[in-house]
**Q** 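Submitted below is the structure of interest, expressed as structure tokens.
Convention: sequence-line order gives letters A, B, ...; per-chain numbering from 1.
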There are 2 protein chains.
Amino acid sequence: STLNAARAEARPAGRRAPAVAAVLPAGGSGERMGVPTPKQFCPVLERPLISYTLQALERVCWIKDIVVAVTGENMEAMKGIIQKYQHQRISLVEAGVTRHRSIFNGLKALAEDQPDSKLSKPEVVIIHDAVRPFVEEDVLLKVVTAAKEYGAAGAIRPLVSTVISPSADGCLDHSLERARHRASEMPQAFLFDVIYEAYQQCSDYDLEFGTECLQLALKYGHIKAKLVEGSPDLWKVTYKRDLYAAESIIKERISQHICLIMDTKDENHVGHRLEEVLKDELNHVKVTSRLPCHTGRDLDQIVSEQCYSYVCVNVMTSDFEEIRKLVNMLEESNLSILYPVVVISVYFLDYKSVPFDQKMENLMQIREYAKEVKKRNILLCGLLIYYPQDEQKLQESLRQGATIIATLIKERNSGLVGQLLVA
Amino acid sequence: STLNAARAEARPAGRRAPAVAAVLPAGGSGERMGVPTPKQFCPVLERPLISYTLQALERVCWIKDIVVAVTGENMEAMKGIIQKYQHQRISLVEAGVTRHRSIFNGLKALAEDQPDSKLSKPEVVIIHDAVRPFVEEDVLLKVVTAAKEYGAAGAIRPLVSTVISPSADGCLDHSLERARHRASEMPQAFLFDVIYEAYQQCSDYDLEFGTECLQLALKYGHIKAKLVEGSPDLWKVTYKRDLYAAESIIKERISQHICLIMDTKDENHVGHRLEEVLKDELNHVKVTSRLPCHTGRDLDQIVSEQCYSYVCVNVMTSDFEEIRKLVNMLEESNLSILYPVVVISVYFLDYKSVPFDQKMENLMQIREYAKEVKKRNILLCGLLIYYPQDEQKLQESLRQGATIIATLIKERNSGLVGQLLVA
Ligand SMILES: [Mg+2]
Ligand SMILES: [Mg+2]
């Protein structure tokens, strides 16, 4: 298929694709963040940060094994994360007391010379951080390809701040020329034998105080690592503000596609006007619409496009039948395992002419149902759009409806689940 | 008074407090962020980032003048910002084509030797960035005090990434020892004569390509700047993710205090139980409660404590009288000029026994009123809390009410203004 061809192309270049594994040191404590939880286990949209990083690595099909080094006290929690979020190709090893010792433990598990190792020795090993969840296949491919050629490679970024060297008395000795220096980031990649031998040779001092794997390859393997320009997304989640940034980035990414399910074919119906207003309000978001009778057939495709936002426009009914069908399909798809899925059920109502009580009482049932589906990470809300005769007022209602839909999708907050909002 | 004494203590130490001014280069373009708007003008909670930085400087009473360098094309926008957010002690100068030329223009405006200058020459000048909004008085005092003693001083931070030096062919030449280097951040401070003379002497090359004022003071003034450890909050808003982080930090800061206004003295009333549940849900937030008859007297104090979140608990009525009084007082206080103020009007209702229609129709008027007060940056929502006889169900309602209140305060999103939420 085309997809497989694209994947094959994305494999590391060369006559023969090298066997690639990844090592992820995740033994660090959270001291820099000022929080008790180590940052790789901090929740982002209620899922631990490290799970996003694992997801980023495991979706790269040519990474055969992912070895994660965690401390004994976090081992059970890590197993729980792997099970809950259905991560694949993960092996766990015990972390060492420093980052370098953790990496070394990961490499030992991959080396065939260890008696208890079930993993096979890769040609190239990627070293990445558990707290850099936004790594793309592109840069992984670049460092692996360069490692195959040069023996070692690492991602770099321009410096954001000027780097200075202080004198012993806490004054400026000199500042470094910014153009001649770079920040060394992750991922890095190495020929396995190069980095494994470097670790076997290196001193206790290196294992305790060294910070840079590229420097070890240089010092012990005499390998000058190839430097690869990375994107800003490679940044390391270090402070509390970085967790905020990560959450906002993830929320934004999963809100780029909205699927509208419309229970009428009538092109002149107000539901289609809502679609136009919504496209206008969210002009950088992809909005696709479906008829509910087609939903079953199309949902596989929509799910495979990673759509996490659904708006059900109920023109013909004021019940939850269409919503129940959609929610059942979403549950079967496992889509909400990784991200909260927003579902908004829209009804049109002229609350000045239609008897208010009965319809409302019907719709108020959404609260109980929403509480139920929230357990499966599906965030359901209702939206009543006022439908007046007056054209200008209708346009205003639709616009406010679109604003509410945009807010619910953007914020993706579980605190408002089950509400019946009014536009 | 105690407050004045505390302020006096916070002035730069020494027999005589030096006259201090600040220069803020704000001429940069937004290229690094990948957005068309220069980052200092990007909205954070709908207010331009630079306004937060001006606020941080102007609340330090011993900074006499703040000189902002902006490009000609942004001059009118900047004047608008100063007016809208009522900034004080600001002078505008034209930015140069580089950061250094902008700073130099700011210094020229402060130097008494310029014929058209209306400002008086300070003893010490602070140089700060428009895109570092979280600067605290503490670090400003430290750099000013050190500048008075050493001639120059600047804030530094530990390096987050290892810094490396690439060779000409794009490979690793060597990596720098992390412990021996620091990131140079802002603010910096200088004896005015030292930095002004350095700028007057320095070459066109320095003005075009130099990045570090401390280095200029060293090169031309032979001044070894004192380095001062800064907090993580000094970081520079550089990428889009930094804007996300800034918005989250600001939202969190203005949500640390909730004022509950309760229309009953009855300590056994369910309103007081809501207070307990809310304190339990938001255990790091200060929750204070007031009676409405005392609100007028107390509001000055609450406003001076920078409380941006109000919950009006209406036990006795289902009208908006108390809310209107509160909103009027808030408007008079000008509290919402700088930050959106959240007001939540809470009502208790047994919707199974009380006639639904009339109360609802009353309460639905909140939508129109909320639209009105939103223009003054006050975000008003209604919350109906279901009040069943069953003790366990009541506890559940209160807990859900507290969750909704917490969500509205935390998200502070204008898209849900005027909604009547149900717990
Ligand atoms: Mg390293
Ligand atoms: Mg500088």
**Q** Heavy-atom distance under 4.5 Å to chain B: side chain of A/Phe209, backbone, both or neither?
**A**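 Contact with chain B: none, neither part.
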**Q** I need the residue from A/Ile223, A/Ile164, A/Thr407 with the largest number of non-hydrogen atom pairs under 4.5 Å to chain B.
**A**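 Counting heavy-atom pairs under 4.5 Å, the top option is A/Ile164.
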**Q** Scan A/Gln215, A/Arg182, A/Lys226 and name whichever one has a side-chain contact (heavy atoms from CB on, under 4.5 Å) with B/Leu172.
**A**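 Among A/Gln215, A/Arg182, A/Lys226, the one meeting side-chain contact (heavy atoms from CB on, under 4.5 Å) with B/Leu172 is A/Gln215.
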**Q** Do side-chain atoms of B/Gln419 reach the backbone of A/Leu421 as a donor and acceptor pair under 3.5 angstrom?
**A**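 Looks like no, no N/O pair under 3.5 Å.
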**Q** Output the option from B/Thr403, B/Val417, B/Val163, B/Leu408 having the highest count of non-hydrogen pairs under 4.5 Å with chain A.
**A**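 The residue among B/Thr403, B/Val417, B/Val163, B/Leu408 with the greatest pair count is B/Val163.
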**Q** Going by an N to O cut-off under 4.0 Å, is there a salt bridge joining A/Arg412 and B/Glu411?
**A**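 Salt bridge: no.
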**Q** Given the options B/Ser184, B/Ser414, B/Gly415, B/Ala217, which has more heavy-atom pairs under 4.5 Å with chain A than any of the others?
**A**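 The candidate making the most pairs under 4.5 Å is B/Ser184.
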**Q** Are A/Leu214 and B/Thr162 close enough that some pair of their side-chain heavy atoms sits under 4.5 Å apart?
**A**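 The answer is no; the side chains never approach within 4.5 Å.
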**Q** Would one find more than 12 heavy atoms of other residues, nucleotides or ligands at under 6.0 Å from atom NZ of A/Lys251?
**A**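 Yes.
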**Q** If you measure from CG on B/Leu216 to OG on A/Ser175, what distance do you get to the nearest 0.5 Å?
**A**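 Taking CG in B/Leu216 and OG in A/Ser175, the distance rounds to 9.0 Å.
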**Q** Does B/Arg241 pair with A/Glu247 as a salt bridge, N-O distance under 4.0 Å?
**A**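 No salt bridge links B/Arg241 with A/Glu247.
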**Q** Can you tell which part of B/Gln400 gets under 4.5 Å to a heavy atom of chain A, answering side chain, backbone, both or neither?
**A**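 Side chain only.
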**Q** Top residue by heavy-atom pair count (under 4.5 Å) with chain A, among B/Gly210, B/Ala179, B/Ser165?
**A**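 Top option by heavy-atom pairs under 4.5 Å: B/Ser165.
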**Q** With respect to chain A, which residue among B/Pro166, B/Ala406, B/Gly418 yields the maximal number of heavy-atom pairs within a distance under 4.5 Å?
**A**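 Result: the option with the highest number of such pairs is B/Pro166.
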**Q** May I ask you to name which of A/Ser161, A/Ala153, A/Ser167 has the most heavy-atom pairs under 4.5 Å with chain B?
**A**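 Looking at each option in turn, the highest pair count goes to A/Ser161.
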**Q** Does the distance from a Lys or Arg side-chain N to an Asp or Glu carboxylate O, for A/Asp169 and B/Lys224, drop under 4.0 Å?
**A**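 No, this pair does not count.
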**Q** With a 4.5 angstrom heavy-atom cut-off, which part of A/Glu252 approaches chain B: side chain, backbone, both or neither?
**A**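 Contact with chain B: side chain only.
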**Q** Chain B heavy atoms under 4.5 Å from A/Ile156: which part of the residue, side chain, backbone, both or neither?
**A**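 When you check distances to chain B, only side chain atoms of A/Ile156 fall under 4.5 Å.
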**Q** Taking the side chain as every heavy atom from C-beta outward, state whether A/Tyr239 and B/Val160 have any atom pair closer than 4.5 Å.
**A**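 The answer is yes, as the side chains (C-beta and beyond) meet within the 4.5 Å cut-off.
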**Q** Picking from B/Ala152, B/Gly170, B/Ala183, B/Gly154, which has the most non-hydrogen pairs under 4.5 angstrom with chain A?
**A**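 Ranked by contacts with chain A, first place is B/Gly170.
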**Q** For A/Leu218, which atoms come within 4.5 Å of any heavy atom of chain B: side chain, backbone, both, or neither?
**A**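 Contact with chain B: side chain only.
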**Q** Just to verify, what does B/Tyr244 make a ring-ring contact (aromatic ring centres under 6.0 Å, His included) with, not counting sequence neighbours?
**A**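 Expected list: none.
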